[in-house]
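Worth knowing before you read on, the calculation uses all heavy atoms, side chains too, and leaves out hydrogens, waters and symmetry mates. Every chain is numbered from 1 and lettered A, B, ... according to where its sequence line falls, protein lines coming before strand lines.
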Amino acid sequence: MMASVSLEERQRIYRAMQRIRRVEEEVARLYPGDHIKSPVHLSIGQEAVAVGICDPLRAEDIVSITYRGHAAYLAKGGSLPAFMAELYGKDTGSAGGKGGSMHLIDIAHGILGASAVVGTNIPVAAGYALALKREGGGRIVVCFLGDGATEEGVFSESLNFAALKRLPILFVCENNGYAIHAPTSRRWASDELCARVSTYGIPATLLAEGDVLAIRAAAASAYATMRQGGGPAFLECRTYRWREHVGPNEDYDAGYRSRAELEAWQARDQIARLGAALDGRDRDRIDAAIAAEIAAAVAFAEQSPFPGREQLTSDVFAE
Amino acid sequence: MMASVSLEERQRIYRAMQRIRRVEEEVARLYPGDHIKSPVHLSIGQEAVAVGICDPLRAEDIVSITYRGHAAYLAKGGSLPAFMAELYGKDTGSAGGKGGSMHLIDIAHGILGASAVVGTNIPVAAGYALALKREGGGRIVVCFLGDGATEEGVFSESLNFAALKRLPILFVCENNGYAIHAPTSRRWASDELCARVSTYGIPATLLAEGDVLAIRAAAASAYATMRQGGGPAFLECRTYRWREHVGPNEDYDAGYRSRAELEAWQARDQIARLGAALDGRDRDRIDAAIAAEIAAAVAFAEQSPFPGREQLTSDVFAE
Amino acid sequence: MSSQNSHERTLTYVAALREAVAQEMERDPRVFVMGLDVDDHKAIQGSTRGLLERFGPERVFGTPLSEDAMTGVAIGAAMAGLRPIHVHIRMDFLLLCMNQLVNVAAKAHYMYGGHVKVPLVVRSMIGRSWGQGAQHSQGLHGLFMHIPGLKVVAPSNAYDAKGSLIAAIRDDNPVIFVEHRQLYPTEAAVPEAPYVIELGQARRCRSGDDVTLVGISQMLRECLVAAELLREIGIAAEVIDPVSLVPLDMATIRTSARRTGRVVVVDNSWTSAGAGAEITAQLAESETGLRLKRLGYAPTPCPTTPSLEAAFYPDPASIAEAAHALLRPGKAWRPDPRHAKLAARQALPPF
Amino acid sequence: MSSQNSHERTLTYVAALREAVAQEMERDPRVFVMGLDVDDHKAIQGSTRGLLERFGPERVFGTPLSEDAMTGVAIGAAMAGLRPIHVHIRMDFLLLCMNQLVNVAAKAHYMYGGHVKVPLVVRSMIGRSWGQGAQHSQGLHGLFMHIPGLKVVAPSNAYDAKGSLIAAIRDDNPVIFVEHRQLYPTEAAVPEAPYVIELGQARRCRSGDDVTLVGISQMLRECLVAAELLREIGIAAEVIDPVSLVPLDMATIRTSARRTGRVVVVDNSWTSAGAGAEITAQLAESETGLRLKRLGYAPTPCPTTPSLEAAFYPDPASIAEAAHALLRPGKAWRPDPRHAKLAARQALPPF
Ligand SMILES: Cc1ncc(C[n+]2csc(CCOP(=O)(O)OP(=O)(O)O)c2C)c(N)n1
Ligand SMILES: Cc1ncc(C[n+]2csc(CCOP(=O)(O)OP(=O)(O)O)c2C)c(N)n1
Ligand SMILES: [Mg+2]
Ligand SMILES: [Mg+2]
């Protein structure tokens, strides 16, 4: 797969994944300092999905993200300073400090607001796709969702509607094997998710390896069909959350999963893999730029003011 | 199929279907007189499903019915006088006049209360099955649902849970092709319902012909497995509602469906078919007994008192 | 309504709803209608009749039975700049939509720092009639009044129905629009040209100095009859229609209450923690010395049998009785039921 | 609580909940616990810890993310004679369960003529803390108070938590059991033997003649601190905990209101059409001349940033200020915020 991807593309993909990883590591580092004012659900380990999916998107396309949405937010081009300021609860945050980590949004970059209620974003994304279909300009929506979200009835309802109306939407299930601490084996009667989705007439593909280039290729091919009115598509991307469900730490001592599981996924870490294939100096240059960008974003967040009291009652209703 | 079924069984099945048909025809006849005090959703034309499913059940088994539940209520052995009195809004009705046609119940005969909110009975039935599984006595639950109910998210959620816990429950989809006036083709992205259900690991069978003996055989074989811990099963029974969605009349002039559709189903009407294969005098004897039973039930309903005012506030809470 | 004269056109409530939507769809291509059965021959008891033929299936479409997802779809479309009207033939079915309405629609504008809007109208009908029973007759507007970010409107007549529905469609926020099945055939003078009834303005429908009756949705009509019954025994009742519940025009209610000193709030729902509780509590917080009383559904699920259903709802007689009790606490009085029925026929049509 | 002495055992709220469930499961094999994550190592912040080990996976099990169906499953199991306790780590998630809770659980006993019972307990937590935000911190008990057929309990301390949870489990009706995250670590004297706190009995937590403070759930604690602040300026506040909201012991509240003439109702939710509205309206209907005031969440979704979140909630200072305003309408007064914090530390632990 790697051979067919240009050097420039490989650099871009490496950069995108590494940037997410480094941002989240920084969030984890800062977290105990109580500057970050809301619960954080880190994607460390899952970056390949967000990047593989978002890399072939156009700027005017839309992504709908979850409370575990840092990766997709950044991959789609969401503002890093606004992100960091939002985590800090600042007036300059993406939601003016009212949303926090679980409610990231960046409409200018096509990122719909994240919801903290699992599955809730799925029909909303479908509704956005309905509007884009009427618009007729070939724009599409990507809807991220977790493996747990597929258990919510609204997932099935949304699939049926999207297929019925042939909406331009790609559903991406980030299957990290767990909902909080419960493995899929204790929540799913079977793992035939793709087979189930395809009974709606939605092409469904399982990507079991976490390979960023394979994900990207599958996404790109789905988009091409969708832009021509091909209707919805579905990708199940197996992946792995390296940290605890919520918060900055690891939790392999909790007993619900083993470090061996982590190690298997770390062995195919896409950042390491793509990084290793780059020229060392190129990689260092990229890494240094990322570090500088993150430092600037943190400084921006730190220096921004908190929203004033009068903001409490603003924006309840749109005028 | 018919050959393997004894004369006694054929008489019983004919009687059960004919009794439902005649009861509902009587309801339709009475309806304009305003004695019946709530909306009625008739099953005329669909009797074969209720009877095929309920005939092999044991008295101690449970069925969960819908607002279109007259047929299953009667097939499972629900009291006819209490049914008629309930439609009349009388104190002697199955719910003391508080429920009406849409909320039939007969706990003594294993009939869980019907709900007027589509799909709502599905998880409730699964919960009952959970209790029966714990009981361990081999009792089972049958859950009736319409084709429209499969679109509600709770249907998918319930399938997953039932399969995960291997609950003793048979889901029976009475697919009459319409939800109110909307055909499945305008609501379903595809008709691969059985394929979808089977992805949960639930054996799913389509019975497309409305043949009462085929339905009965499929149900009986499912029950045998379920009683031995085999977990849930699913039957999709195609059928046809001869009358309007709600109310006593036909509605082939409304434009949403053709009389030809009706006629195709009437041509394989199971009551006519089984009736024709019986000895004429046997049939007459059965029919006369049904007529007498219905007349008695109507008289009972008419003569019963309305609930007194004090009933308004009773039974809000169980003491 | 304000300036009726004999040349004015009268319209039923249901026709007024239909006209409001058709005119708005004509004016604004972003407006569209979705919901179970909006496009069949019954057309939600006529309220969506003709829209499909006129605006086509892209702007008028039935949906699968998936209220939860369809609400999310409407919200997403609204975020994208369209202006959906999501129709439910029963308000009871909104209980399947609560997560999307409360957790998303109500909060999105605020929670996302003002970056999105949700111009969504949710039309639904209180289904009272002929043994509809516990799950097909609920008025649930009180639930939505509890949640910041939702507007709630419940017009009682054709004139307000048209104007407030147009206002709701033009509003950039989610609006829960509450209809009542028994209001559908009622008539009022309704101008043909589009007009807006501002949300948050109550209407004084009848003036009087002895007692104030506040009637919500169809209960407004019951209050008008009750006022007639009270007039017959020399009590002058003022009757107020809040029209919109969020925003709520307490000023008009308060002004009346100050004058009469007695208020009966009659809701088309349960009293406990409902619209009646809110109005009563606001009055009690700002005034002392008022005599206040709420009426609403009996504190039970709705029974189907008419012998119980009749007692479940407030009616002109019970409203008049409650008003009388506030005025003359010692003396019990209740209008003769047959006479109350007669009065209803005389007092009401045409509205 | 009533008869504390130094030999009594103290327990945290969370331990009291756990003990109540364990003792009831021991006593009655029909009782079982289900819900997302009840069986993981976090055990719903400890409130279900140890149950799985003790009672096994048939009686303590996690569920898929399917709140709607799981509520139906619990209802069905209850109809079959079991006694489910369905646990939600956030009350916000009950919005996915509204159809089953309101259309089925609340109505089943009535709608089916008394032929079924639904002995179901729905435990859920108001999630306030650390930037939980708009969708993870709501108190929604007001919605359930609107619906006949549901009981609603919201204990504010470990003693009541144990006793009222046992009462809820033994009750033959659906009970919405409201917990508050910030109450979990609070301690009270809690007898080891099982005991029942009858639902529908309010508790007078502090007596005083000048003003009555009614505090719901965690707001009871804020009221106790406010009472301290008021004492410092010579105002004697009576503090009442309704404990259960349905049934609601208005007699106790009314008796206090008659004596003090002034009532502030402080809820852990929005005021509009909520629990505060109900209590205020009932007072206003039966008494005239009371001075009444509601406090609750700001009329907005809950913001995450602490600079706004602090102003979103009532606190001892704002409660004391409101009480003072009822007593001395002319003069504005507000306790010094730093002093108010100090008072909180002194007034509260141990409860
Ligand atoms: C409707 C709802 N139920 C429960 C929760 C609590 N909860 C938060 S995250 C989560 C797990 C979701 O799992 P999954 O969809 O696989 O996403 P992941 O966290 O693994 O990315 C749960 C149960 C919630 N937020 N919303
Ligand atoms: C949740 C819900 N949505 C909508 C309705 C209105 N409604 C009543 S019956 C019905 C059609 C149901 O179709 P189906 O499940 O196929 O059953 P059938 O009536 O054909 O037997 C609808 C939409 C309802 N009762 N409940
Ligand atoms: Mg997951
Ligand atoms: Mg059907």
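Between the side chains of D:S66 and B:N160, no donor-acceptor pair of N or O atoms lies under 3.5 Å.
For D:K107, no part sits under 4.5 Å from any heavy atom of chain B, backbone or side chain. Proximity to chain D (any heavy atom under 4.5 Å) is shown, for B:A162, by neither the backbone nor the side chain. Interface remark: B:L159 contributes no atoms to any contact with chain D (heavy atom separation under 4.5 Å). With a 4.5 Å cut-off on non-hydrogen atoms, B:V154 touches chain D through its backbone and its side chain both.
Side-chain contact between D:D68 and B:E157 is present, with heavy atoms from C-beta onward closer than 4.5 Å. For the pair B:V124/D:Q100, a side-chain contact is recorded, criterion being any heavy-atom separation below 4.5 Å from C-beta on. Using a 4.5 Å cut-off on side-chain heavy atoms (C-beta onward), D:F32 and B:L130 make contact. Side-chain contact check for B:R134 versus D:R59: some heavy-atom pair is nearer than 4.5 Å. Residues B:P123 and D:T71 form no side-chain contact, since every pair of their non-hydrogen atoms from C-beta on lies 4.5 Å or further apart. Side-chain contact between B:K98 and D:Y112 is absent, with no heavy atoms from C-beta onward closer than 4.5 Å.
Ranked by heavy-atom pairs under 4.5 Å with chain D, the list B:S156, B:G119, B:A114 is led by B:A114. Interface check for chain B: of the options D:G81, D:G149, D:P119, the most heavy-atom pairs under 4.5 Å are formed by D:G149. When each of B:A125, B:A318, B:G99, B:A95 is checked for heavy-atom pairs under 4.5 Å with chain D, B:A318 comes out on top. Per-residue heavy-atom pair counts under 4.5 Å with chain D were compared for B:V316, B:I122, B:D315, B:V141, and the maximum is reached by B:D315. Looking only at heavy-atom pairs under 4.5 Å with chain B, the residue among D:A108, D:P84, D:A69, D:G113 that has the most is D:A69.
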Contacts under 3.5 angstrom, residues 297-311 of chain B side chains, donor-acceptor by atom type, not counting sequence neighbours:
from	atom 1	to	atom 2	distance (Å)
B:S304	OG	B:T92	OG1	2.7
B:S304	OG	B:F300	O	2.7
B:Q311	OE1	B:S314	OG	3.2

Under 3.5 Å, sequence neighbours excluded: what are the donor-acceptor pairs made by side chains of residues 72-79 of chain D?
none

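Within a 6.0 Å sphere centred on CD of B:E319, heavy atoms belonging to other residues, nucleotides or ligands number 12 at most.
For D:E19, the salt bridge (Lys or Arg N to Asp or Glu O under 4.0 Å) partners two or more places apart in sequence, or in a different chain, are D:R9, D:K162.
Under the 6.0 Å distance and 45° angle rule, B:K165 counts as a cation-pi partner of D:F61.
Here NZ of D:K117 is found 14.0 Å from CZ of B:F317. Values are rounded to the nearest 0.5 Å.
Nearest approach of B:L312 to D:Y110, heavy atoms of both residues: O-OH, 2.6 Å.
Taking 4.5 Å as the heavy-atom cut-off, none of the residues of residues 61-87 of chain B approach chain D.
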Check your understanding: For D:N99 and B:T120, what are the C-alpha separation, side-chain angles and deciding distance, and is it a side chain to side chain donor-acceptor pair (under 3.5 Å)?
Key -> CA-CA 8 Å; D:N99 180 45; B:T120 297; 3.2 Å; yes
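The backbone N or O of B:S94 lies less than 3.5 Å from a partner atom in the side chain of D:H115, making a donor-acceptor pair.
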